[in-house]
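To start, the structure itself, in structure tokens.
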Amino acid sequence: GAVVSQHPSWVICKSGTSVKIECRSLDFQATTMFWYRQFPKQSLMLMATSNEGSKATYEQGVEKDKFLINHASLTLSTLTVTSAHPEDSSFYICSARDSKGRLGANVLTFGAGSRLTVL
Amino acid sequence: DAKTTQPTSMDCAEGRAANLPCNHSTISGNEYVYWYRQIHSQGPQYIIHGLKNNETNEMASLIITEDRKSSTLILPHATLRDTAVYYCIVRVATGANSKLTFGKGITLSVRP
């Protein structure tokens with residue numbers, strides 16, 4: 001089946017540093033990937049849509065200069081949290097849709113998530 | 001996207017069927033019903049989806065009412081590992097950039 005790998009699964013960093021999270025589709029190509037953020041006891045909140053070869057589309061209220069997204073290939077999207085602060089501590093989850101639609105209409109495969117803690 | 005309404009939580013006994021309801025009274029004709037679940041501290045997992053016919057796969061069954069205003073996800077023999085938050089989402093199937101928006105979902109607790 002379709003697998004999406006996220007790395008790292010957890011990361012601790014100091015305030016002011018930048019952290020990069022990778023999202024890879026392992027056995028399928030994904031022209032579009034999505035990045036979500038989830039705070040404790042809350043639902044997933046869509047941050048941005050990552051498009052291969054073009055600029056990401058950010059949801060309202062999400063700072064594009066703070067959350068840099070790069071989708072350089074059909075199997076890799078990266079999210080960089082720049083100048084991280086404690087309030088950026090969260091669970092970041094990516095998802096991808098099989099470009100050939102083999103999984104079914106609009107079915108997304110999610111990564112296991114990356115837990116970021118900013119000290 | 002059509003809005004969905006789910007109870008906040010429910011529980012069931014291990015080995016029994018878990019029936020998770022979802023209301024989507026404003027669903028449009030071209031919108032599908034999707035179910036995902038999220039086990040604690042993991043990414044969401046796709047379960048099943050359907051348009052108007054009932055669907056079944058190795059994980060669950062999806063029963064959609066004839067007027068499509070509500071649906072029920074059925075886990076036929078719930079196990080402790082089925083304890084999770086279950087999300088019912090209504091969305092069109094087409095569109096390369098179509099996105100899934102998650103509500104609060106229903107927390108299912110399976111008790112021994």
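Just the heavy atoms: all of them, side chains too, but no hydrogens, waters or symmetry mates, feed the values below. Everything quoted here is computed from the prediction, not taken from an experiment. Note on naming: letters A, B, ... go to the chains in the order of the sequence lines (proteins, then strands), and numbering restarts at 1 for each one.
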If hydrophobic clusters are built by linking Ile, Leu, Val, Met, Phe, Trp and Tyr wherever their side-chain heavy atoms come under 4.5 Å apart, do [X] and [Y] end up in the same one?
{"X": "A/I21", "Y": "A/M33", "answer": "no"}
{"X": "B/L100", "Y": "B/L51", "answer": "yes"}
{"X": "B/I74", "Y": "B/I89", "answer": "no"}
{"X": "B/W35", "Y": "B/I63", "answer": "no"}
{"X": "B/M59", "Y": "B/I48", "answer": "yes"}

- Compare all side-chain heavy atoms of A/T109 with those of B/Y46 and state whether any distance is below 4.5 angstrom.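 In short, these two side chains do not touch, never coming nearer than 4.5 Å.
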- Query: Can you find a heavy atom in the side chain of B/Y87 that is under 4.5 Å from one in the side chain of A/S43?
  - Reply: yes
- Item | Residues in salt bridge (charged side-chain N to carboxylate O under 4.0 Å, His left out) contact with B/E14, at least two apart in sequence or another chain | none
- Which atom of B/Y36 lies closest to which atom of A/L108, heavy atoms considered: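 Scanning both residues completely, I find the closest heavy atoms to be OH-N, 2.8 Å.
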- Task: Please report the shortest heavy-atom distance between A/F91 and B/Q38, naming the atom on each side.
- Result: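 It is CE2-NE2, 4.2 Å.
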- Message: Surrounding NZ of A/K66 (heavy atoms of other residues, nucleotides or ligands, distance under 6.0 Å), is the total greater than 12?
- Response: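 Check passes, neighbour count above 12.
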- Per-residue contacts, residues 77-86 of chain B versus chain A, heavy atoms under 4.5 Å: none
- Query: Is any residue of residues 102-112 of chain B within less than 4.5 Å of chain A by heavy atoms, and which ones?
  - Reply: B/F102, B/G103, B/K104
- Message: Does any backbone or side-chain atom of A/I93 lie under 4.5 Å from a heavy atom of chain B? Answer side chain, backbone, both or neither.
- Response: side chain
What donor-acceptor contacts under 3.5 angstrom involve side-chain atoms of residues 110-119 of chain A, with partners at least two apart or in another chain?
residue, atom, partner, partner atom, Å
A/S114, OG, A/Q6, NE2, 2.9
A/S114, OG, A/P8, O, 2.6

- Between OH of A/Y36 and OG1 of B/T101, what distance do you get to the nearest 0.5 Å?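 The OH atom of A/Y36 sits 6.5 Å away from the OG1 atom of B/T101.
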